[in-house]
Peer 1: 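I have a structure I would like to understand better, so I am pasting it below and will then ask my questions one at a time.
In what follows, residues are counted from 1 in the order of the sequence shown. Atoms considered below: every heavy atom in the structure, side chains included; atoms not considered: hydrogens, waters and symmetry mates.
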Amino acid sequence: MDVFGTITSTIDLINKIVSYLQVVRSAEVDCLKLLSGVSALSSLLELLRHRLDSTSADSWNDDVSRAVKASIKGSLDQCHQALESIVLRLSTTLMFGTRSLWWPLKRTQKLKWPFRREEINVALVKIEHLKSLISLAFQTSLM
């Protein structure tokens, strides 16, 4: 997958996480931490996607060295994998048979938080680290 596709796919994963956080019934502090972390990442990815949209592929290659582009791509891939593992864990909580229940939950239904506090803290540290790497590479690309 190219950089643009990875950004789009990662933003989709973030949206799935946010939709889950709207129906969870416990762990308010952990939910807020996760929401804050993925929202900041989403904003950064939107900026990066906008930068890619506004420049042609040739100028992107001219403006950004291959090392910076590889750094962005590598960090995006790791970030995508980290978010995928969170979504997988969340989605198994939401699965009954073969039907996913991301959206059709009734307002009275709430779901149990499937993570321990330590697990979410480790995931957030990883996401924050990757967000910093992506941000630094993005800032380098603007110079």
Peer 1: Any donor and acceptor pair, going by atom type alone, linking the side chain of S39 with main-chain N or O of L35 inside 3.5 Å?
Peer 2: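 Yes; at least one donor-acceptor contact below 3.5 Å.
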
Peer 1: Kindly work out whether a path of hydrophobic side-chain contacts (I/L/V/M/F/W/Y, heavy atoms less than 4.5 Å apart) joins V87 to L76.
Peer 2: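 Yes, V87 and L76 fall within the same hydrophobic cluster.
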
Peer 1: Could you tell me which non-hydrogen atom of V38 sits nearest to which non-hydrogen atom of V18, and how far apart they are?
Peer 2: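 V38 and V18 have their closest heavy atoms at CG2-CG2, 4.2 Å.
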
Peer 1: When rounded to the nearest 0.5 angstrom, what is the spacing between CG in L48 and CZ in F4?
Peer 2: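 Output value for this atom pair is 10.0 Å.
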
Peer 1: Closest heavy-atom contact between I134 and S75?
Peer 2: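 Residues I134 and S75, closest heavy atoms: CG1-CB, 3.5 Å.
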
Peer 1: Measuring from atom CZ of R89 to atom CD1 of I120, what distance do you get when rounded to the nearest 0.5 angstrom?
Peer 2: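 Rounded to the nearest 0.5 Å, the CZ-CD1 separation comes out at 8.5 Å.
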
Peer 1: For S85 versus A82, what's the shortest heavy-atom pair and its separation?
Peer 2: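 The pair with the smallest heavy-atom distance is OG-O, 2.7 Å.
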
Peer 1: With rounding to the nearest 0.5 angstrom, report the CG to OG distance, L44 to S135.
Peer 2: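 The OG atom of S135 is 5.5 Å from CG of L44, to the nearest 0.5 Å.
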
Peer 1: Verify the cluster assignment for I72 and I11: are they in a single hydrophobic cluster under the rule of side-chain heavy atoms below 4.5 Å apart?
Peer 2: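 Yes, I72 connects to I11 through the hydrophobic network.
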
Peer 1: Can you tell me if S9 uses its side chain to pair, donor with acceptor, with the backbone of G5 under 3.5 Å?
Peer 2: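 Answer holds: no.
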
Peer 1: Apply side chain to side chain contact (heavy atoms under 4.5 Å, CB included) to the pair L41 and E128, showing each step before the final yes or no.
Peer 2: CA-CA 8 Å; L41 176 62; E128 186 61 35; over 6 Å; no

Peer 1: Indicate the atoms forming the closest heavy-atom contact of T6 with T10, along with that distance.
Peer 2: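 In this case the closest contact between T6 and T10 is O-OG1, 2.7 Å.
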
Peer 1: Between Y20 and N15, is there a side-chain heavy-atom distance shorter than 4.5 Å?
Peer 2: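 They are not in side-chain contact.
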
Peer 1: May I ask you to decide if R116's main-chain N or O and E119's side chain share a donor-acceptor pair within less than 3.5 Å?
Peer 2: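 Confirmed, E119 side chain pairs with R116 backbone.
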
Peer 1: Going by heavy atoms in the side chains, are F115 and I86 under 4.5 Å from each other?
Peer 2: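 Answer yes - side chains close enough.
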
Peer 1: Is there a chain of hydrophobic side chains (I, L, V, M, F, W, Y, each step under 4.5 Å between heavy atoms) that links L130 to V3?
Peer 2: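 In one cluster: no.
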
Peer 1: Walk me through it: do T8 and L45 pass the test side chain to side chain contact (heavy atoms under 4.5 Å, CB included)?
Peer 2: CA-CA 8 Å; T8 302; L45 294 177; over 6 Å; no

Peer 1: To the nearest 0.5 angstrom, please state how far the CG atom of L34 sits from the CH2 atom of W113.
Peer 2: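 Rounded to the nearest 0.5 Å, the CG-CH2 separation comes to 5.0 Å.
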
Peer 1: With side chains defined as the heavy atoms from C-beta onward, is the minimum distance between I127 and L83 less than 4.5 Å?
Peer 2: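 The answer is yes, as the side chains (C-beta and beyond) meet within the 4.5 Å cut-off.
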
Peer 1: Which heavy atom of I7 sits nearest a heavy atom of R49, and at what distance?
Peer 2: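 Looking at all heavy atoms of both residues, the closest pair is CG2-CB, 3.8 Å.
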
Peer 1: Flag the pair H80 / D77 as yes when at least one side-chain heavy-atom distance between them is below 4.5 Å, and no otherwise.
Peer 2: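 H80 vs D77: side chains apart.
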
Peer 1: Under a 3.5 Å distance rule, please check whether S19 uses its side chain to pair with a backbone N or O of K16 as donor and acceptor.
Peer 2: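 Present.
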
Peer 1: What distance do Q81 atom CD and E84 atom CD have between them, rounded to the nearest 0.5 Å?
Peer 2: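 Between atom CD of Q81 and atom CD of E84 there are 7.0 Å.
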
Peer 1: Quick check: closest heavy atoms across P114 and L90, and the distance to 0.1 Å?
Peer 2: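 Closest pair (atom of P114, atom of L90, distance): CG-CD2, 3.7 Å.
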
Peer 1: Output the distance between atom CD1 (I17) and atom SG (C31), rounded to the nearest 0.5 Å.
Peer 2: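 The distance works out to 11.5 Å.
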
Peer 1: Do side-chain atoms of S36 reach the backbone of K33 as a donor and acceptor pair under 3.5 angstrom?
Peer 2: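 Side chain of S36 to backbone of K33, a donor-acceptor pair under 3.5 Å: no, none is there.
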
